[in-house]
Structure formats: C-alpha cells, structure tokens
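Side chains included, hydrogens not; waters and symmetry mates left out as well; all remaining heavy atoms used.
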Amino acid sequence: MNVGLALICLFSIFYCGNINYKKKKRVELNIAINKPLKKNIKIVAISDLHLGYTINSKELNEWIQLINQEKADILLIPGDIIDNNVNPLYYYQLAPYFNKFHAPLGIYACLGNHEYISGIDSSIKFLEKTNVHLLRDSYVDIEGIFYLIGRDDKTNSHRKTLKEVIKNIDSSQPIILLDHQPYGLEESQKNGIDIQLSGHTHRGQVWPISWITDKLYEVSHGYKKKGNTNIYVSSGIGIWGGKFRIGTQSEYVVINLSSI
C-alpha cells in the first residue's frame with residue numbers, strides 16, 4: 001500500500017469516526033425492581049460530558065434539546081461533567097445552560113476523576129453555580145419515591161465505603177447509585193442497590209482500545225444484572241480528546257423504572 005492510499009484510508013476512518021461521534025445513540029432500558037415504587041419514573045442518564053474547550057456551549061445546547069424531548073422526570077449524571085480545566089466553562093458561560101434541562105425532580109450528579117484533574121475545589125465551585133445537585137458520599141430522598149446516592153470518585157482514596165454511605169437508609173426502599181468508575185460491582189449487590197449507573201470507560205472510545213477496557217472492567221459498557229442489582233455502564237455522551245468514535249458510541253440512556 002503506498003503512502004497516499006494509506007493516508008486516504010486513515011482520513012476516511014477518522015472522518016467516519018467523527019460522524020459516528022456526532023450521532024448520539026439513544027439507549028432505552030425497561031427496569032422493573034422487586035421493591036415497591038410509588039409511581040413509575042422516567043430517568044435520563046448522561047455521563048462523561050467532558051465540557052471544556054473541545055465541547056462547549058454549541059454542543060451542550062444540542063444535547064439539551066435532545067434530552068428535553070424525552071420529558072424525563074429526573075436527569076442523572078454519573079461523573080465527568082468537566083474535562084480538564086474549569087476556565088473554558090467560565091469563558092463559554094456554561095453554568096446557566098444547565099437551567100435549560102427539563103427535569104421536574106431535578107438534576108443530580110456525582111464526581112468523576114476529571115473533576116479531580118480539573119482541581120476538585122474549582123470543580124465543585126463551578127458546579128455550585130449550576131442547578132446540578134452534587135452528591136458526594138451522600139444521598140437524598142427523591143420525594144419518597146427512591147433514595148439516590150452519589151459516591152465520591154475512586155480518585156479519592158479516603159472516600160467512604162458504600163456500606164458507610166447507606167447506613168441510615170431504609171434498604172426496603174428503592175435505591176439508585178451514581179458511581180463514576182465501575183469497579184467492585186459486587187459491593188452494590190451486597191448492599192441492596194437496585195440500580196447502579198456508571199461511566200468513565202468510554203469503552204475505550206476508539207477500537208482496538210475497547211478490547212483493553214473490556215478486559216479491565218467486569219462491565220466496560222452496557223447492562224448487567226448481579227442478583228437484584230441492575231448495572232449500566234455508559235460509554236458517555238461526550239468525549240476526551242479528539243471527537244472520534246471508532247467501534248464505540250456516544251450515548252444517552254433512558255430508563256423506564258417500574259416495580260414488579
């Protein structure tokens with residue numbers, strides 16, 4: 001193969017990878033838990049936004065329009081809202097954009113490793129300027145319908161154990177967990193978590209790195225049930241680095257939650 005043909009092939013691969021990145025995949029899950037639920041709930045989950053210089057106001061606004069079409073009850077973000085630095089988020093004035101999301105029960109998030117990369121104090125300070133409710137080794141009762149837990153990211157070696165976080169929760173009630181990095185999934189199973197939502201992996205973002213993430217994680221992308229615990233690891237709506245998806249997808253997740 002001559003150099004010219006090789007360059008054409010390479011350009012074609014990355015061109016198609018960019019188109020694939022722009023086409024957000026809608027993933028729908030119908031999950032019925034074996035605990036009483038006051039009413040059925042529609043959840044939208046997006047992870048790994050990586051907002052910054054590469055992904056800014058124009059793209060965020062497109063995502064908002066896409067997600068608002070779902071008319072979800074609540075929006076959940078399991079980490080990595082910020083990319084590598086908070087400065088571009090202020091430059092593009094991104095904080096008010098979160099007010100455009102329609103979610104009657106609110107917007108909730110946990111920390112990801114990139115909030116630490118961006119400087120944890122600066123990241124939290126920015127998030128406080130948005131209407132995103134950050135859960136950091138804490139939980140909230142969502143109108144008596146379910147408990148929502150957000151763990152601190154695994155980057156923090158001193159974060160609480162899941163058992164410590166939930167010690168005052170009535171485990172007979174539905175429990176949803178946001179935990180950015182999908183390690184130790186058996187911990188959720190042992191502690192009566194009904195749904196765990198994670199991200200982080202991007203499923204490698206570009207093939208063949210996806211082979212590596214598939215080996216590193218019990219679930220590097222997709223759905224798995226362990227006992228009564230429903231786990232979904234998202235490949236993320238955003239991207240880190242170049243805007244290419246080769247053999248993977250950028251996605252948002254729609255969960256129709258009911259009880260058996």
Roughly how far, to the nearest 0.5 Å, is the [atom2] atom of [Y] from the [atom1] atom of [X]?
X	Y	atom1	atom2	result
I117	I82	CD1	CD1	11.0 Å
L127	I81	CG	CD1	5.0 Å
K224	Q189	NZ	CD	9.5 Å
L105	I145	CG	CD1	5.5 Å
L76	I107	CG	CD1	10.0 Å
L178	I195	CG	CD1	10.5 Å

(request) Can you label the angle between the F101 ring and the F98 ring as parallel, tilted or perpendicular, going by 30° and 60°? (result) tilted
(request) Tell me, please, which residues at least two apart from D179 pass salt bridge (charged side-chain N to carboxylate O under 4.0 Å, His left out). (result)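 So D179 forms a salt bridge (charged side-chain N to carboxylate O under 4.0 Å, His left out) with R151, R159.
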(request) List in chain and number order the residues that pass salt bridge (charged side-chain N to carboxylate O under 4.0 Å, His left out) with K226, two or more places apart in sequence or in another chain; answer none if no residue qualifies. (result) E218
Would [X] end up clustered with [Y] when hydrophobic side chains under 4.5 Å apart are linked, directly or stepwise?
X	Y	value
V44	I77	yes
L75	V27	no
V253	I149	no
I166	Y183	no
V132	L135	no

[X] (side chain) donor-acceptor with [Y] (main chain) under 3.5 angstrom:
X	Y	result
K22	K243	no
N68	Q65	no
S235	Q249	yes
Q205	W240	yes
H133	Y108	no
K35	Q173	yes
T248	R245	no
D194	I33	no
D80	N113	yes

Side-chain donor-acceptor pair under 3.5 Å between [X] and [Y], yes or no?
X	Y	result
D48	H200	no
D214	S220	yes
E115	H180	no
N61	Y97	no

Can you tell me if [X] has over 12 outside heavy atoms packed within less than 6.0 Å of its [atom1]?
X	atom1	value
Q93	CD	no
Y223	OH	yes
K167	NZ	no
K42	NZ	yes
K25	NZ	no

(request) Please assess V233 against Y217 for the test side-chain contact (heavy atoms from CB on, under 4.5 Å), listing each intermediate value before the final yes or no. (result) CA-CA 10 Å; V233 179; Y217 300 94; over 6 Å; no
(message) Set out, in order, the CA-CA distance, both residues' side-chain angles and the distance that settles side-chain contact (heavy atoms from CB on, under 4.5 Å) for I120 and L111, then state yes or no.
(response) CA-CA 9 Å; I120 189 61; L111 293 169; 3.7 Å; yes
Report yes if the side chains of [X] and [Y] come closer than 4.5 Å at any heavy-atom pair, otherwise no.
X	Y	value
Y252	R26	yes
Y92	L51	no
I193	L162	yes
P78	S47	yes
T155	Q181	yes
I55	L49	no
I175	N191	no
N256	N40	no

(message) Can you give me the closest heavy-atom contact between S118 and N85, atom names plus distance?
(response) OG-N, 3.4 Å
(request) Sort out for me which residue in H221, K24, K23 forms a side-chain contact (heavy atoms from CB on, under 4.5 Å) with E251. (result)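 Testing each of H221, K24, K23 against E251, the sole residue satisfying side-chain contact (heavy atoms from CB on, under 4.5 Å) is H221.
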(request) Test I176 against L257 for side-chain contact (heavy atoms from CB on, under 4.5 Å), laying out the working first. (result) CA-CA 11 Å; I176 297 176; L257 179 62; 4.1 Å; yes
(message) Any salt bridge linking R136 with D152? Criterion: basic side-chain nitrogen under 4.0 Å from a carboxylate oxygen.
(response)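 Salt bridge between R136 and D152, a charged N being under 4.0 Å from a carboxylate O: yes.
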(request) For the pair S57 and L94, evaluate side-chain contact (heavy atoms from CB on, under 4.5 Å) and give the outcome as yes or no after the intermediate values. (result) CA-CA 6 Å; S57 54; L94 296 187; 3.7 Å; yes
